[in-house]
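Heads up: the structure comes next, in structure tokens.
In this text the structure is predicted, and so the values were computed from the model without any measurement.
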Amino acid sequence: MKRYIFFTDDATGEAAANATFARLYSRALSNQDTPVTMPAFLAQLGAVKRWGKAAEDDLSFVRVPTLIANGDDDAMVPTPNSNAMHEKIIGSRLALYPHAGHGSLFQYPNEFADEVNEFLS
């Protein structure tokens with residue numbers, strides 16, 4: 001399921017997914033993420049559903065430095081939402097990764113880390 005949610009649905013996305021999953025699953029068991037529980041998954045799904053039905057917020061109250069990162073082809077959280085957030089949050093920084101979906105930070109781990117480090121400095 002992660003393959004289709006996080007990566008583009010083509011050969012490039014498949015290659016990126018395979019590389020990402022190989023990297024993630026190569027970690028020692030003690031360093032792997034704890035599996036998400038069904039109650040946690042359902043709570044997150046409910047929150048996303050409520051948020052999707054909520055009235056649009058103008059985000060004018062956001063007054064802190066903000067980094068918005070996304071893939072340029074995100075089906076899970078559509079990329080136009082990132083563009084809209086960037087326009088609404090004064091002084092925000094938008095990082096869009098090419099030919100990437102929701103898993104752009106996994107697809108471009110080094111570039112994303114560089115972006116975060118530069119943003120924080």
Side-chain angles (χ1 to χ4, degrees):
M1 186 163 75
K2 290 177 187 174
R3 154 72 178 96
Y4 297 100
I5 292 174
F6 287 176
F7 300 91
T8 55
D9 190 19
D10 56 18
T12 302
E14 183 176 9
N18 290 339
T20 296
F21 297 144
R23 191 173 60 251
L24 289 175
Y25 298 131
S26 71
R27 295 186 296 183
L29 199 55
S30 61
N31 292 329
Q32 290 186 11
D33 296 335
T34 303
V36 175
T37 65
M38 187 54 72
F41 172 75
L42 292 174
Q44 181 181 15
L45 192 59
V48 168
K49 192 174 182 180
R50 283 189 305 279
W51 175 80
K53 292 179 179 179
E56 188 173 315
D57 198 327
D58 70 7
L59 302 177
S60 62
F61 61 90
V62 179
R63 299 282 187 216
V64 296
T66 305
L67 173 62
I68 302 162
N70 201 356
D72 68 351
D73 190 14
D74 188 340
M76 186 171 163
V77 178
T79 305
N81 292 353
S82 296
N83 292 314
M85 251 197 306
H86 176 55
E87 290 173 11
K88 293 177 180 184
I89 300 175
I90 297 170
S92 65
R93 182 171 175 164
L94 178 62
L96 291 179
Y97 295 93
H99 207 89
H102 196 69
S104 60
L105 67 147
F106 303 118
Q107 189 171 341
Y108 293 95
N110 296 328
E111 294 86 343
F112 179 71
D114 290 345
E115 187 77 42
V116 169
N117 286 330
E118 185 178 324
F119 176 77
L120 294 174
S121 61

Nearest non-hydrogen partners of [X] and [Y], listed with the distance:
X	Y	answer
Pro98	Tyr108	O-OH, 2.7 Å
Gln107	Gly101	OE1-N, 4.2 Å
Arg23	Pro109	NH2-CG, 3.7 Å
Ala95	Leu67	CB-CD1, 4.5 Å

Test item: [X] and [Y] side chains (from C-beta on) under 4.5 Å apart, heavy atoms:
X	Y	value
Glu115	Tyr97	yes
Leu105	Glu111	no
Arg3	Asp9	yes
Arg93	His86	no
Phe6	Phe21	no
Ser104	Asp74	no

If Ile, Leu, Val, Met, Phe, Trp and Tyr residues are connected whenever their side-chain heavy atoms lie under 4.5 Å apart, and connections chain through other members, are [X] and [Y] in the same group?
X	Y	answer
Val62	Phe119	no
Met76	Leu45	no
Leu59	Ile68	yes
Val48	Ile5	no
Phe61	Ile89	yes

Check your understanding: Once you round to the nearest 0.5 Å, how far does CG of Asp73 lie from OG1 of Thr12?
Key -> 11.0 Å
Exercise for review: Keeping the roles fixed (side chain from Asn31, backbone from Arg27), state whether a donor-acceptor pair exists under 3.5 Å.
Suggested key: no
Review point. Has the side chain of Thr66 got a donor or acceptor atom that lies under 3.5 Å from a matching backbone atom of Val64?
Key: yes
Exercise for review: Check the side chains of Asn70 and His102 for a donor-acceptor pair under 3.5 angstrom, ignoring hydrogens and angles.
Suggested key: no
Point to revise | Heavy atoms from other residues, nucleotides or ligands near CD1 of Ile90 exceed 12 (cutoff 6.0 Å) | key: no
**Study point:** Side-chain ion pair, Lys88 and Asp57, N-O less than 4.0 Å
**Key:** no
Practice item. Take Asn81 and Met85, measure what side chain to side chain contact (heavy atoms under 4.5 Å, CB included) needs, and give me the verdict at the end. Key: CA-CA 6 Å; Asn81 292 353; Met85 251 197 306; 5.9 Å; no
